[in-house]
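In this text the structure is predicted, and so the values were computed from the model without any measurement. We use all heavy atoms of the structure for the numbers below, so side chains are in, but hydrogens, waters and symmetry mates are not.
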Amino acid sequence: MPPAFSAAEKAHITRLLLDNGLRLFTTQGLRKTSLEDLVAGTGIAKSTFYVFFDSKEALYLELMLAQMAEVKSRVIDGALRKEPGTRAGLRAFLHATLAELDGNPLYGRLMTHPEEMEAVARKLDLERVTSAPDNPVTALAAYLTEHNDDLAGDDPEVIVGVLQAVLMMPLYRDRLASPELYPKILDRLVDLVATGLTQVKQ
């Protein structure tokens with residue numbers, strides 16, 4: 001029978017597990033992080049980890065959800081919606097999201113390690129993620145719906161897919177014929193995509 005914890009003890013241990021997870025997942029990754037690593041310094045046994053989280057992936061997801069509001073603030077409110085035009089908004093969104101993936105070790109880790117992304121996605125509580133009020137993906141979909149008249153007429157899912165394709169560029173920067181030109185290539189690609197997805201009147 002798992003040990004009983006007071007509300008204060010449970011909150012304290014949960015915080016320690018989240019702190020350990022953030023440090024370990026961003027430095028050595030999901031697969032190389034063991035339960036023993038995660039419970040180190042928390043005072044609980046490996047088996048007791050499951051009192052707090054269903055899996056390592058669930059802990060990773062919890063960390064992502066905790067940062068979701070900040071990410072949305074930067075890529076949606078501070079970039080996409082800050083620009084007066086849809087084309088400029090999409091351009092700003094792509095640049096801000098690429099910067100987020102480059103500078104945010106938790107989100108960036110999943111983009112550069114697709115096998116870890118798949119592991120987290122398999123354990124994803126989709127309803128919880130999609131219903132989160134600060135979900136950037138939901139906010140992006142709402143923006144595209146609002147600005148449908150400014151878009152080039154593609155299916156919204158196609159537009160989202162095109163944007164996602166651009167955001168996968170960091171995975172392939174070293175495979176380019178001229179990797180040293182990556183920043184210029186990326187700028188040009190973002191501009192071409194933002195222009196191609198919007199009406200000429202933009």
Side-chain angles (χ1 to χ4, degrees), residues 25-26 29-30 60-61 63-65 67-122 124 126 129-130 132-202:
F25 292 151
T26 56
L30 180 67
Y60 203 118
L61 178 60
L63 288 165
M64 292 184 71
L65 288 170
Q67 292 189 16
M68 194 173 275
E70 294 178 10
V71 172
K72 176 182 175 289
S73 175
R74 288 189 286 267
V75 305
I76 301 294
D77 305 325
L80 181 66
R81 289 192 175 278
K82 190 174 182 181
E83 295 294 334
T86 305
R87 180 176 297 171
L90 290 176
R91 189 182 292 116
F93 166 78
L94 287 169
H95 280 298
T97 306
L98 286 162
E100 188 71 30
L101 294 174
D102 189 50
N104 184 322
L106 191 67
Y107 279 73
R109 173 86 195 182
L110 292 187
M111 285 301 293
T112 55
H113 294 76
E115 72 286 355
E116 295 188 7
M117 171 77 87
E118 290 172 12
V120 172
R122 280 196 299 271
L124 202 63
L126 192 59
V129 174
T130 54
D134 293 311
N135 186 330
V137 176
T138 305
L140 172 63
Y143 178 89
L144 294 176
T145 299
E146 291 168 25
H147 295 262
N148 184 60
D149 290 344
D150 295 332
L151 300 174
D154 289 305
D155 184 310
E157 290 186 12
V158 171
I159 292 175
V160 170
V162 171
L163 297 175
Q164 288 175 330
V166 177
L167 299 178
M168 292 178 70
M169 276 296 293
L171 282 171
Y172 303 103
R173 73 173 75 190
D174 295 330
R175 300 183 188 181
L176 296 172
S178 303
E180 71 280 3
L181 294 177
Y182 174 74
K184 289 184 178 180
I185 293 169
L186 195 58
D187 282 347
R188 184 69 174 133
L189 179 62
V190 166
D191 189 55
L192 286 169
V193 167
T195 301
L197 291 179
T198 50
Q199 300 278 12
V200 175
K201 64 180 181 180
Q202 288 283 306

Original post:
Counting distance only, does the side-chain N/O of Thr97 pair as donor-acceptor with the main-chain N or O of Leu94 below 3.5 Å?
Top reply: no

Subject >> Set of residues satisfying side-chain hydrogen bond (donor to acceptor under 3.5 Å, both in side chains) with respect to Asp102, sequence neighbours excluded >> reply: none

Original post:
Is the closest side-chain heavy-atom distance between Tyr107 and Gln67 below 4.5 Å?
Top reply: yes

**OP:** Please report the closest heavy-atom contact between Thr195 and Arg91, naming both atoms and the distance.
**Re:** OG1-NH2, 4.2 Å

Run the side-chain donor-acceptor check on residues 69-76: report pairs under 3.5 Å with partners two or more places apart or on a different chain.
| residue | atom | partner | partner atom | Å |
| --- | --- | --- | --- | --- |
| Lys72 | NZ | Asp77 | OD1 | 3.2 |
| Lys72 | NZ | Asp77 | OD2 | 3.2 |
| Arg74 | NE | Glu100 | OE1 | 2.7 |
| Arg74 | NH2 | Glu100 | OE2 | 2.9 |

Which pairs of donor and acceptor atoms, one on a side chain in residues 178-185, lie under 3.5 Å apart (sequence neighbours left out)?
none

Subject >> Glu157 atom CD, neighbour heavy-atom count above 12 within 6.0 Å >> reply: no

Original post:
How close do Ala79 and Ala96 get, heavy atom to heavy atom, and via which atoms?
Top reply: CB-CB, 3.6 Å

**OP:** Could you point out which residue of Asp191, Leu186, Val190 forms a side-chain contact (heavy atoms from CB on, under 4.5 Å) with Arg188?
**Re:** Asp191

Subject >> pair Val193-Leu90: side-chain heavy atoms closer than 4.5 Å >> reply: no

Subject >> Where Asp149 and Gln199 come nearest, the two heavy atoms and their spacing >> reply: O-CG, 3.6 Å

Subject >> Which atom of Thr198 lies closest to which atom of Arg87, heavy atoms considered >> reply: OG1-NE, 2.7 Å

**OP:** Step through the shown structure and confirm whether more than 12 heavy atoms of other residues, nucleotides or ligands are within 6.0 Å of CZ on Arg81.
**Re:** yes

**OP:** Could I get the full list of ring pair (Phe, Tyr, Trp, His ring centres under 6.0 Å) partners for Phe93, not counting sequence neighbours?
**Re:** none

Original post:
Going from OG1 on Thr145 to CG on Leu151, what distance comes out if it is rounded to the nearest 0.5 angstrom?
Top reply: 9.0 Å

Original post:
Arg109 versus Thr26: any side-chain heavy-atom pair under 4.5 Å?
Top reply: no

Original post:
Less than 4.5 Å apart, any side-chain heavy atom of His95 and any of Asp187?
Top reply: yes

Original post:
Looking at residues at least two apart in the chain, or sitting in another chain, which of them share a ring pair (Phe, Tyr, Trp, His ring centres under 6.0 Å) with His147?
Top reply: Tyr143

Original post:
Roughly how far, to the nearest 0.5 Å, is the CE atom of Met64 from the CG atom of Leu106?
Top reply: 6.0 Å

Could you give the side-chain donor-acceptor pairs of residues 160-176 under 3.5 Å, partners two or more places apart or in another chain?
none

